Amino acid sequence: MRPEVESVLITADDIAARVKELGEEISRDFRGAELLVVGILKGSVVFVADLIRHLKLPIHLDFVAVSSYGTSTTSSGVVRFLKDLDESIEGRNVLVVDDIIDTGLTLRYLLDNLSRRQPAVLKLCVLLDKPSRRKTEVPVDYRGFTIPDAFVAGYGLDCGGWYRNLPDIWVVKTATAVRA
Ligand code: PRP
């Protein structure tokens, strides 16, 4: 059964304004440099698409796919690499972009893996941060919004594969979120 959304947590307008600010901040920090933006499939797709259009920098775009959630709403701690980067990152400026950091287990694994490939710079940008759920420390360099411990969907984030297309970010009804 499809889970149900109940209320808007962050509107499309507020997301757009914050994404623009993040793009400007990243552009300032990397001024004069080239950047490889690495989106994490699938949740980051909408955010990455908007963010890169606010980057006043020469960029390349690549994607990785890792899996941590399966079909439940809690992180298993088991992270699988489903698709690796197409490009080498050795000696390059890399910005990892994800939609949400929750337990941090996915990004901890990914950042550890990428840092062993010896990039010049490795930074992390997340749209949403749920700090109350963190199980491992992960330095977040660019953060869109800090949110409470609710299950959310929309703007690329899913619940059981649904709702990635919603322009706003919604809270999912807890009773319907568990099984999707
Ligand atoms: C989500 C999100 C992060 C991860 C965060 O991805 O995009 O990568 O979970 O959780 P964590 O901090 O507890 O590790 P998900 O596995 O749901 O895949 P998706 O991006 O394809 O929706």
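When reading the values below, keep in mind they use all heavy atoms of this one structure, side chains included, and skip hydrogens, waters and symmetry mates. Each ligand, and each atom within it, is numbered from 1 in the order the structure gives. Remember, predicted model here, so these are calculated numbers, not experimental data.
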Less than 3.5 Å between some nitrogen or oxygen of Lys42 and one of ligand 1, yes or no?
-> yes
Does any N/O atom on Ile100 come nearer than 3.5 Å to any N/O atom on ligand 1?
-> no
Member of Leu95, Val94, Val38, Leu107 meeting the side chain to side chain contact (heavy atoms under 4.5 Å, CB included) criterion with Leu124 | Leu107
The single option from Leu51, Asp98, Leu157 that satisfies side chain to side chain contact (heavy atoms under 4.5 Å, CB included) with Ser44 is Asp98
What are the atoms of ligand 1, with element, lying closer than 4.0 Å to any heavy atom of Thr103?
-> 11 (P), 12 (O), 13 (O), 14 (O)
Atom 14 (O) of ligand 1: which of Thr106, Leu128, Asp129 has the nearest heavy atom?
-> Thr106
Flag the pair Arg134 and Asp129 as a salt bridge only when some basic side-chain nitrogen lies within less than 4.0 angstrom of an acidic carboxylate oxygen.
-> yes
Is any NZ, NE, NH1 or NH2 atom of the basic residue among Lys20 and Glu24 found under 4.0 Å from an Asp or Glu carboxylate oxygen of the other?
-> yes
Apply side chain to side chain contact (heavy atoms under 4.5 Å, CB included) to Asn165 and list each qualifying residue two or more places apart in sequence or on a separate chain.
-> none
Judged by non-hydrogen atoms, does [X] sit under 4.0 Å from ligand 1?
{"X": "Ser67", "result": "no"}
{"X": "Arg164", "result": "yes"}
{"X": "Leu107", "result": "no"}

What part of [X], side chain, backbone, both or neither, has a heavy atom within less than 4.0 angstrom of ligand 1?
{"X": "Asp158", "value": "side chain"}
{"X": "Leu41", "value": "backbone"}
{"X": "Asp99", "value": "side chain"}

From Phe63 atom CZ to Leu85 atom CG, the distance as rounded to the nearest 0.5 Å = 11.0 Å
Atom pairs and distances, side-chain donor-acceptor, residues 5-17, under 3.5 Å, sequence neighbours left out:
| unit_1 | atom_1 | unit_2 | atom_2 | d |
| --- | --- | --- | --- | --- |
| Thr11 | OG1 | Asp14 | N | 3.1 |
| Thr11 | OG1 | Asp14 | OD2 | 3.4 |

